[in-house]
Amino acid sequence: MSGSGFGALRWEVVDGVGSITLDRPDALNALDATLKAELLSVLRTAERDRAVRAVVLTGAGRAFCAGQDLKERLGPDPTPLDVEVRERFNPIILAMRRLPKPIVAAVNGVAAGAGASLAFAADLRIAAESASFVLAFARIGLAPDSGASWFLPRLVGLAHAAELLYLSDPMPAEEALRIGLVSQVVSAEALLDHARTLAAKVAQGSPTAVALTKRALDRSLEVGLADALDHEASLQGIAGRTADHAEGLAAFVEKRSPTFTGE
Ligand code: T3D
């Protein structure tokens, strides 16, 4: 196991799974300048560290993340919002999508505003029974940001996206499961173990194949069928040249579990 020092989040790596815990529980893990900078930094650490093959993102205490730290914005000389979003939030969301390792969001409590967007930008989303999603932007006179208006229609369709964004009503975990916003709901006690088990299962796969799968799924959201087929063919060309593919074939004929190295 390895862990490292950040002030507003915790980071540890165990058996190929890196865990990020947003750690400002008194503020419901709201994103202040420090937490945003550290989140971006830890995503870069996760990308560089070859021992990390999948990532779990969760929150300390009773919340997942309450979005932008609104009290920070009341301070003197706040950054204009377009600058804040472009320079602090968007890089985090892009880093999550560009990380060639899947992220499992373990939504342990309320996920609000940009905090919900963090969960949407993950690759797998599971929630505790007590979790909820609050697309709270409109309630404070803001438009959606951090990808909320992009992810939501793709995850749950325009009708549910519109309800969530226009009404800002909290959506409990069971309802999020029903509309497909999360893929599983488990008890609060079981959530983290379950998330780590899912991530560990991903981590057993070929890192290259997993990274290419993430690229294929993301591209599928942007292009038509013919382009998606062509992109899949290119990715398969890359996968077919890896030692992991040779190892997968050898393990199959030798009736054993493969050992993937990412080569
Ligand atoms: O830079 C920019 O502004 C642009 C980017 C915007 C992106 C966004 O994320 S906008 C959306 C920001 N988030 C919100 O609007 C959510 C605000 N919070 C809430 O609506 C509620 O707190 C919750 C629904 C999340 C939870 O409600 P509840 O009743 O369970 O808890 P609470 O009592 O409201 O909060 C507990 C504490 O956390 C409280 O502090 P206190 O009074 O005990 O000292 C509260 O002030 C603090 N807290 C909650 N959310 C935030 C926060 N502190 C700072 N920022 C927050 N976002």
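Each ligand, and each atom within it, is numbered from 1 in the order the structure gives.
- Look at R50 and E263 and you find a salt bridge, because one of the NZ, NE, NH1 or NH2 atoms lies within 4.0 Å of a carboxylate O, short of that distance.
- For Q184, the CD atom is densely surrounded, since the number of other residues' heavy atoms within 6.0 Å is greater than 12.
- Within ligand 1, the atoms closer than 4.0 Å to a non-hydrogen atom of L81 are 1 (O), 2 (C), 3 (O), 4 (C), numbered from 1 in the order shown.
- Applying the 6.0 Å contact sphere to CZ of R256 captures more than 12 heavy atoms from other residues, nucleotides or ligands.
- Residue D26 has at least one heavy-atom neighbour below 4.0 Å for each of these atoms of ligand 1: 37 (C), 38 (O).
- Between atom 31 (O) of ligand 1 and the options R73, R62, Q68, K71, the minimum heavy-atom separation is to R62.
- Classification of E84 and K36 as a salt-bridged pair holds, one side-chain N sitting under 4.0 Å from a carboxylate O.
- M171 has its side chain within reach of I179: a pair of non-hydrogen atoms, C-beta onward, lies under 4.5 Å apart.
- Here the heavy atom of the protein found nearest to atom 54 (C) of ligand 1 is D69 OD1, 3.4 Å.
- Using a 4.0 Å cut-off to heavy atoms of E84, the atoms of ligand 1 that qualify are 1 (O).
- Using a 4.0 angstrom heavy-atom cutoff, D32 does not count as in contact with ligand 1.
- R73 CZ: more than 12 foreign heavy atoms inside a 6.0 Å radius.
- Between L22 and L39 there is a side-chain heavy-atom pair separated by less than 4.5 Å.
- Contact check for S206 versus H245: no side-chain heavy atoms found under the 4.5 Å cut-off.
- Between L155 and R125, some side-chain heavy-atom pair lies under the 4.5 Å cut-off.
- Contacts between A114 and ligand 1, counted as non-hydrogen atom pairs separated by less than 4.0 Å, involve both the backbone and the side chain.
- By the definition of a contact as any protein heavy atom under 4.0 Å away, atom 10 (S) of ligand 1 is in contact.
- For R88, the heavy-atom gap to ligand 1 stays at 4.0 angstrom or more.
- Here the side chains of V107 and L191 are not in contact, with every heavy-atom distance at 4.5 Å or above.
- Within a 4.0 Å radius of atom 13 (N) of ligand 1, the protein contributes at least one heavy atom.
- Inter-residue side-chain proximity for L81 and D145 is flagged as unmet; no heavy-atom pair is nearer than 4.5 Å.
- Considering only non-hydrogen protein atoms, atom 51 (C) of ligand 1 sits nearest to A66 CB, 3.9 Å.
- Inside a 4.0 Å radius of atom 2 (C) of ligand 1 there is at least one protein heavy atom.
- Within the 4.5 Å cutoff, no side-chain heavy atoms of W150 are placed close to those of I93.
- Ionic pairing of E175 and R178 is present here: one or more N-O contacts between side-chain nitrogen and carboxylate oxygen are shorter than 4.0 angstrom.
- Listed by atom number, the atoms of ligand 1 under 4.0 Å from R139 heavy atoms are 20 (O).
- For atom 26 (C) of ligand 1, the closest non-hydrogen atom on the protein side is L28 CD1, 3.6 Å.
- The protein non-hydrogen atom at the shortest distance from atom 48 (N) of ligand 1 is A27 O, 3.9 Å.
- Listed by atom number, the atoms of ligand 1 under 4.0 Å from G113 heavy atoms are 9 (O), 11 (C).
- Polar contact with ligand 1: present for L70 (N/O pair, distance under 3.5 Å).
- In terms of polar-atom proximity, D145 is not counted as a contact of ligand 1, lacking any N or O under 3.5 Å from an N or O of the ligand.
- Here I140 has side-chain heavy atoms under 4.0 Å from ligand 1, and that is the only part of it that gets that close.
- Atom 29 (O) of ligand 1 is never approached by the protein to below 4.0 angstrom, counting heavy atoms only.
- Atoms of ligand 1 lying under 4.0 Å from any heavy atom of G67, numbered from 1 in the order shown and given with element: 9 (O).
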